[in-house]
Amino acid sequence: MAVAEFRVDSYKFVPRNWRAGMESAPMKTDTTVWTGMTTPLPEATIALLTTAGLYLPASQESYDLDRERREPTWGDPTYRVVPRGARQAEMAFAHLHINTRDHYQDFNIALPLDRFAEFEAEGRIGRLADEHYSVMGYRSDDGAGWRQDTLPAITRRLKQARVDALVLAPA
Amino acid sequence: MSVLARFVEEAGIPTVVVTMMPDAARRWRAPRVVGVEFPFGHAFGMPGDAAMQRSVAEHALRALAEATAPEYRLDVPIEWPVDTKTAYRDWQPLVASPGVAMLKKRGKDAVARAAATGEVDEPAS
């Protein structure tokens with residue numbers, strides 16, 4: 001018996017009038033980009049990135065939400081480094097576009113360090129990287145602010161750490 | 001979000017985007033996409049539900065292992081265990097974001113139009 005393939009509805013949890021506009025909106029780019037995996041997963045170093053506005057208040061500044069309140073189309077383009085051993089009690093989340101209540105309960109919903117540490121222990125990946133990354137995902141400039149400093153810096157760090165693949169998740 | 005993935009991929013590091021809005025990732029032609037039918041903020045699932053988070057994370061590994069060409073997409077067949085109306089309310093901030101508050105003043109469909117054009121990326125895609 002054939003099982004119907006599950007197809008995610010991108011618009012299930014957003015206002016109903018988003019669907020028509022977004023489905024008919026033009027593509028953001030004409031080109032594809034591709035880098036093939038060259039290292040098998042059981043030997044690969046994996047890093048994670050979240051856009052949940054995660055930061056570590058003891059050692060890091062929050063994201064600049066005050067400026068966003070003054071300039072509603074501006075979003076803080078800076079990034080924070082999250083060490084793999086960071087724990088729940090050390091974390092805070094600065095994001096005006098989502099309710100972060102669940103993130104204060106379990107950061108793994110946005111940055112699943114514990115799940116990937118399990119994969120490492122089981123030998124399914126070679127290594128969970130020592131550092132991971134957070135940005136605050138609200139942008140209205142198609143990422144132009146990120147391209148300036150944040151993306152070159154994260155990419156440099158990924159290369160220095162010999163990361164074989166990056167898992168990104170929007171908030 | 002997908003713009004981040006494209007930049008890193010262009011720099012020579014493979015990426016996979018785990019997203020509740022695969023349609024936005026499609027428009028950016030992201031290299032590898034894992035789709036989840038979850039509310040914003042919850043790419044890997046429910047808080048405290050390690051099994052659900054693990055299943056999503058496993059799909060990300062599978063995408064890295066098996067994709068051989070750009071615009072690869074794999075959807076996670078998990079239904080959000082909270083009714084849609086409650087989940088719709090729960091992911092949203094208690095106070096409307098500055099961008100949404102600004103757009104609402106412009107009229108009923110302004111937020112949707114802005115989301116479609118990318119004028120306001122609401123929320124992160």
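Everything quoted here is computed from the prediction, not taken from an experiment. In what follows, chains are A, B, ... by sequence order, proteins preceding strands, each numbered from 1.
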What distance do [X] atom [atom1] and [Y] atom [atom2] have between them, rounded to the nearest 0.5 Å?
| X | Y | atom1 | atom2 | value |
| --- | --- | --- | --- | --- |
| A:Glu131 | A:Gln160 | CD | CD | 8.5 Å |
| A:Leu41 | B:Arg62 | CG | CZ | 13.0 Å |
| A:Leu111 | A:Arg84 | CG | CZ | 12.0 Å |

Within the distance-only criterion (no hydrogens, no angle test), does the side chain of [X] pair as donor or acceptor with the backbone N or O of [Y] below 3.5 angstrom?
| X | Y | answer |
| --- | --- | --- |
| A:His132 | A:Leu48 | yes |
| B:Glu9 | B:Thr15 | yes |
| A:Ser140 | A:Thr73 | yes |

With a 4.5 angstrom heavy-atom cut-off, is it the side chain or the backbone of [X] that approaches chain A, or both, or neither?
| X | answer |
| --- | --- |
| B:Met46 | backbone |
| B:Gln92 | backbone |
| B:Ala69 | backbone |
| B:Val56 | neither |
| B:Ala60 | side chain |
| B:Val34 | neither |

As a quick check of understanding, evaluate side chain to side chain donor-acceptor pair (under 3.5 Å) for A:Tyr55 and A:Thr78, giving each step before the final call. CA-CA 11 Å; A:Tyr55 68 104; A:Thr78 58; over 6 Å; no
Does any heavy atom of chain B fall under 4.5 Å from the side chain of [X], the backbone, both, or neither of them?
| X | result |
| --- | --- |
| A:Ile46 | side chain |
| A:Phe116 | side chain |
| A:Asp164 | backbone |
| A:Ile125 | side chain |
| A:Arg16 | neither |
| A:Thr31 | both |
| A:Leu151 | both |
| A:Ala165 | both |
| A:Pro40 | neither |
| A:Glu71 | neither |

Taking every heavy-atom pair that is under 4.5 Å apart, which of [options] has the most such pairs with chain B?
| options | result |
| --- | --- |
| A:Thr50, A:Asp30, A:Ile154 | A:Asp30 |
| A:Ser24, A:Pro152, A:Gly143 | A:Pro152 |
| A:Asp9, A:Thr29, A:Asn108 | A:Thr29 |

I'd like to verify something: which residue of [options] has the highest number of heavy-atom pairs under 4.5 Å with chain A?
| options | value |
| --- | --- |
| B:Arg73, B:Arg89, B:Glu79, B:Met52 | B:Arg73 |
| B:Ala5, B:Gly48, B:Ala96, B:Pro31 | B:Pro31 |
| B:Leu61, B:Val8, B:Leu94, B:Val76 | B:Leu61 |
| B:Ala11, B:Pro39, B:Ala43 | B:Pro39 |

So, do B:Phe40 and A:Phe13 have ring centers that fall under 6.0 Å from each other?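 No, ring centres 6.0 Å or more apart.
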Hey, do the aromatic rings of A:His103 and A:His95 have their centres closer than 6.0 Å?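 No, too far apart.
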Might you work through the ring-ring contact (aromatic ring centres under 6.0 Å, His included) test for A:Trp18 and A:Tyr11, ending with a clear yes or no? CA-CA 7 Å; A:Trp18 283 28; A:Tyr11 305 100; 7.7 Å; no
One thing to verify: whether A:Glu120 and A:Arg127 come together as a salt bridge, which I'm taking to mean a side-chain N less than 4.0 angstrom from a carboxylate O.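 Looking at A:Glu120 together with A:Arg127, the answer is no, because their closest N to O distance does not fall below 4.0 Å.
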Is it possible for you to check whether A:Arg101 lies under 6.0 Å from the centre of the six-membered ring of B:Trp91, through NZ or CZ, and within 45° of that ring's axis?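 Relative to the ring axis of B:Trp91, which defines the angle, A:Arg101 lies outside at least one limit.
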Please tell me whether A:Leu49 and A:Val81 are part of a single hydrophobic cluster in this structure, the criterion being side-chain heavy atoms less than 4.5 Å apart.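 Yes, one cluster joins them.
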If Ile, Leu, Val, Met, Phe, Trp and Tyr residues are connected whenever their side-chain heavy atoms lie under 4.5 Å apart, and connections chain through other members, are B:Val82 and A:Phe6 in the same group?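 Cluster IDs for B:Val82 and A:Phe6 differ.
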